[in-house]
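Heads up, the thing below is written out as structure tokens.
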Amino acid sequence: MAWTRDDMAKRAAQELKDGFYVNLGIGIPTLVANHIPDGVDVTLQSENGMLGMGPFPYPDEVDPDLINAGKQTITELRRSSYFNSAESFAMIRGGHIDISILGAMEISQGGDIANWMIPGKMVKGMGGAMDLVAGVKRCVAVMDHTNRAGKSKFLPECTLPLTGRNCIDMVITDLGVFSRGEGETRFRVTELAPGVEIDEVKAKTEADLVWG
Amino acid sequence: MAWTRDDMAKRAAQELKDGFYVNLGIGIPTLVANHIPDGVDVTLQSENGMLGMGPFPYPDEVDPDLINAGKQTITELRRSSYFNSAESFAMIRGGHIDISILGAMEISQGGDIANWMIPGKMVKGMGGAMDLVAGVKRCVAVMDHTNRAGKSKFLPECTLPLTGRNCIDMVITDLGVFSRGEGETRFRVTELAPGVEIDEVKAKTEADLVWG
Amino acid sequence: MSSKVFKTAAEALQGLTFDSMTVMSGGFGLCGIPENLIAALRDSGAQNITAISNNAGVDGFGLGLLLETRQIKKMISSYVGENKEFERQFLAGELDLEFNPQGTLAERIRAGGAGIPGFYTKTGVGTVIAEGKPTMEFDGEEYIMETGLKADVSLVKAWRGDTQGNLQFKKTARNFNPMMATAGKVTVVEVDELVEVGSFDPNYIHTPGIYVQRIIEAKCEKRIENMTTRDPGLGRGERGSA
Amino acid sequence: MSSKVFKTAAEALQGLTFDSMTVMSGGFGLCGIPENLIAALRDSGAQNITAISNNAGVDGFGLGLLLETRQIKKMISSYVGENKEFERQFLAGELDLEFNPQGTLAERIRAGGAGIPGFYTKTGVGTVIAEGKPTMEFDGEEYIMETGLKADVSLVKAWRGDTQGNLQFKKTARNFNPMMATAGKVTVVEVDELVEVGSFDPNYIHTPGIYVQRIIEAKCEKRIENMTTRDPGLGRGERGSA
């Protein structure tokens, strides 16, 4: 049985190590915060200028001057700090964030990612996505393995405009986990969702992977 | 009678306008702070990371964590702010300081300045001088007109290694004031020290100036 | 010293606005935007504005006000489209749009204020963002050059400011405001609270007054774009977490 | 979380020092220097160090300690020579010296920490500083390219720090310390006062803890290089000045 969105978030949360500074994208990655393993203490960065992002506020705590990168109202923690956008992205670009977990539309076998625009549709912009994939030490992409038409989203080359080239270290889909170590060019299947057979994954994957 | 060091500082102080942000170099320029005209309120920058530099402290106020760029103990004012060295020089390089008054060893007729090293002697370094002359909106150099051997320090070309090229807007010497406006390539004699004759200045100047 | 303090947003913009001007406007979404100055810029009637701002406001608020009146010719932003009028004008070809990655935009503004005309970044290498930009290799990796950005006027929103223009920002309302304060030929600031010089500890001033030419105190509406809250029935124990 | 807090300077440098390492050391003159960490670096015995620091200390204090023991092979600085031993070694050709304009040095360190491998500046155009450096023209003016700087270890001095590594600096002791904190592969900080997490207002943290890997509380001597005072007989009225 393939993983649900929540399962995928839970699996992604296993990539967080104690002491990590972490940036979570919008969508499934946001759910990761609900699954941080016991005994693992991480600090969440919000690229609009905050380290130590806390949970949503109680209704009487809402502060319009305190939002996350998804423009949601949030709270601060005792460890929190605020800084400006240039400092925030200096932190990201300079490789100080340990891990970024982000959604994807397509991933290529060479680790390229496309997640910001679909030609012909109204484009909202890349926000901080290009900076994150170019700068963060380790990037984990979370996405459904296939699109609604059943076509693979893990491809030899992305067909959509890229967000970044050769920057994804791990891909978590509803079917399993695909990763490559430092300096490795190809992804390897490292885990299958429960009940998912390797043949099903092979059939649904256009990318050239290491299958074993 | 030629100007004294204090006279030169006093004349340089006339270049300060109300509301100016000002950087003063070491030596004669430091004396400028004693001659700021009545009704003119300026804010002094110290490039080690302070705006609103106050006077020397009383002995019981000395704080080793509060010094100026000359490493002298100083005080803060009510308007003061502190920032790091990158921000301090962003301020300088970005053209936010209205005027810099600095000492010189040589000035060329094209506005080059040399004030940081003498070949063959132990070189201490340029500190912030190259950044200041390249970045500050208006640079006023203060120096003796001639060296101890009586040779002109206002020259067709500097003989010493440059601090900056085409960056000096006004030269104040013991003999007078030499300035050029925005976009003017040549300096004009705009003022003579009391009792100094133009012929004396001409005789002591190797630079090609506008003499009238 | 001649005062930096003005009474109203309209007075603070007097003599600064003109057709085809470039304006920077602080804020992230609707958080930390100079609401009153944006409204005054609209009322100034300046046309063909190039607006540099991370976002484009929403319909009827923030920079949305200037889109409604078609005073904006071009936007330089990282994320837009919370705004139907924006989308309509863009799709109709009435509005120019230059997307910058958010960090590149922030750094370009910082560079503009800091006298740095160009810098290299890895952001956007291999994407459409890199097209037409000079590249250079450092340690075997390719980087693209981005240029500094400046504005004729920067509109900034701060929390507290003193009469010398020293500023403090509140929480995530800081965002693009401090860099924009450095990159405007003239920087105009609206603050929630105007205080006397000496009210701030000089160690904790976010923007020194040198960057601020004009300042007003003004009441902000501070709209919330995505209100998200927790169930009040849940305990508050977690707030004790570090 | 595994703790960032160490007991002594020696313990804080354990496992981080090695021959031919590059070290950044904060401070301007003797103001805001990591005294205890410098002494511990000397005691580590690491040789052939490249030291990036605005100044080189004085005889017997600050980086002067490492010059005395000849552990420094090269200095990257903007101003030196308050130090007879430095002068002697340099003139004898025993020490390499790379002068950087102070603002260029500060920006190179900031760039190194911010993932910017190169940037353009007007500082040094037409001087020896420009020799051999790439140039580019922007708006008809020539600029030179400077590169980012990083270090194996950055030694930083802060005023107060919490156990998560969030830092506050005091007055002009801030100087190069915050940028160096961002540019070290490992950043080790000594503070006058170590406090619990939550002691700081998050609006006023100068260096977020993300940049700090190790922290100690240690007593500093804080020597004064040029003591200058006013005649105590003069009135204190001026202190009221803004």
Side-chain angles (χ1 to χ4, degrees), chain B residues 41 46-50 52 54-80 82-90 92-93 112 114 116-117 122-135 161-167, chain D residues 28-32 54-55 77-82 87 90-91 97 99-107 109-110 121-129 159 169-179 206 220-232 234 236 238-242:
Chain B
D41 182 24
S46 190
E47 66 263 29
N48 55 320
M50 182 184 200
F56 294 144
Y58 291 105
D60 61 351
E61 288 178 327
V62 168
D63 183 344
D65 291 324
L66 179 48
I67 65 171
N68 65 17
K71 294 165 194 161
Q72 297 171 310
T73 47
I74 51 165
T75 55
E76 67 184 28
L77 301 172
R78 287 193 289 136
R79 73 175 65 176
S80 300
Y82 301 105
F83 31 84
N84 68 44
S85 300
E87 288 167 20
S88 182
F89 283 92
I92 289 167
R93 202 188 309 102
D112 301 348
W116 77 283
M117 76 172 283
M122 176 63 198
V123 180
K124 293 200 168 190
M126 69 289 288
M130 285 190 180
D131 308 284
L132 283 159
V133 298
L162 294 186
T163 308
R165 205 170 57 188
N166 187 16
C167 53
Chain D
F28 182 92
L30 299 182
C31 179
N54 190 57
N55 312 93
S77 303
S78 90
Y79 194 85
V80 298
E82 313 287 18
E87 192 166 336
F90 177 70
L91 293 175
L97 177 57
F99 277 127
N100 280 204
Q102 193 176 140
T104 293
L105 182 62
E107 188 66 19
I109 298 166
R110 191 243 174 214
T121 178
K122 229 191 294 191
T123 299
V125 170
T127 76
V128 293
I129 288 300
W159 181 18
F169 300 91
K170 188 180 156 201
K171 303 189 185 224
T172 56
R174 193 181 316 184
N175 55 63
F176 282 82
N177 284 298
M179 292 91 72
H206 296 130
C220 264
E221 180 185 335
K222 295 194 184 183
R223 266 193 220 178
I224 292 174
E225 220 163 332
N226 294 339
M227 171 81 81
T228 45
T229 58
R230 281 203 284 181
D231 182 345
L234 292 172
R236 299 201 179 212
E238 280 157 83
R239 185 61 76 274
S241 153

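Remember, predicted model here, so these are calculated numbers, not experimental data. Chain letters run A, B, ... following the sequence lines, proteins first, then strands; residues in each count from 1.
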Engaged part of B:N68 at the chain D interface, taking heavy atoms whose separation is under 4.5 Å:
backbone
side-chain hydrogen bond (donor to acceptor under 3.5 Å, both in side chains) against D:N100, all qualifying residues, sequence neighbours excluded
D:E98, D:R108
To the nearest 0.5 Å, tell me how far B:W116 CH2 sits from D:S78 OG.
10.5 Å
D:M179, part contacting chain B, at a heavy-atom distance under 4.5 Å:
side chain
The interface call for B:V133 against chain D, heavy-atom contacts under 4.5 Å, is neither
Under 3.5 Å side-chain donor-acceptor pair for D:N175 and B:S85
no
Quick one: CG on B:D131 to OG1 on D:T123, what's the gap to the nearest 0.5 Å?
4.0 Å
Non-hydrogen side-chain atoms of D:F99 and B:M130 separated by less than 4.5 Å
no
Less than 4.5 Å apart, any side-chain heavy atom of D:T127 and any of B:R165?
no
Begin from the C-alpha positions of D:K122 and B:R93 and carry the test side chain to side chain contact (heavy atoms under 4.5 Å, CB included) through to its verdict.
CA-CA 8 Å; D:K122 229 191 294 191; B:R93 202 188 309 102; 5.8 Å; no
Can you tell me which of D:H206, D:E82, D:K222 forms the most heavy-atom pairs within a distance under 4.5 Å of chain B?
D:K222
So which of B:G49, B:A86, B:G70 has the biggest tally of heavy-atom pairs under 4.5 Å with chain D?
B:A86
In Å, rounded to the nearest 0.5 Å, how long is the span from NZ of D:K171 to CD1 of B:I74?
9.5 Å
What part of B:A69 is in contact with chain D, defined as an atom under 4.5 angstrom from a non-hydrogen atom: side chain, backbone, both or neither?
both
Straight-line distance of B:F89 CZ to D:T121 OG1, nearest 0.5 Å:
11.0 Å
Is the shortest side-chain heavy-atom distance between D:F28 and B:K71 below 4.5 Å?
yes
Who wins among B:G128, B:P64, B:G127, B:A114 for the most heavy-atom pairs under 4.5 Å with chain D?
B:G127
For chain B, which candidate among D:L105, D:N177, D:T172 shows the most heavy-atom pairs at distances under 4.5 Å?
D:T172
Going by an N to O cut-off under 4.0 Å, is there a salt bridge joining D:R174 and B:D65?
no
Among D:V128, D:T104, D:I109, D:L91, which has the most heavy-atom pairs under 4.5 Å with chain B?
D:T104
Sorted by chain and number, sequence neighbours left out, side-chain hydrogen bond (donor to acceptor under 3.5 Å, both in side chains) with D:E107 holds for C:R110
Could you tell me whether a side-chain N or O of D:T228 sits under 3.5 Å from a main-chain N or O of B:T73, the two making a donor and an acceptor?
yes
Part of B:T163 lying under 4.5 Å from any heavy atom of chain D:
backbone
Begin with the C-alpha distance, continue with both residues' side-chain angles, and end with the deciding distance and a verdict on side chain to side chain contact (heavy atoms under 4.5 Å, CB included) for D:F90 and B:M122.
CA-CA 9 Å; D:F90 177 70; B:M122 176 63 198; 3.8 Å; yes
Are B:M126 and D:Y79 packed together at the side-chain level, in the sense that at least one heavy-atom pair is separated by less than 4.5 angstrom?
no
Under 4.5 Å from a heavy atom of chain D, the part of B:I67 involved:
both
Sidechain-backbone polar pair: D:R230 side chain, B:Y58 backbone, donor-acceptor under 3.5 Å:
no
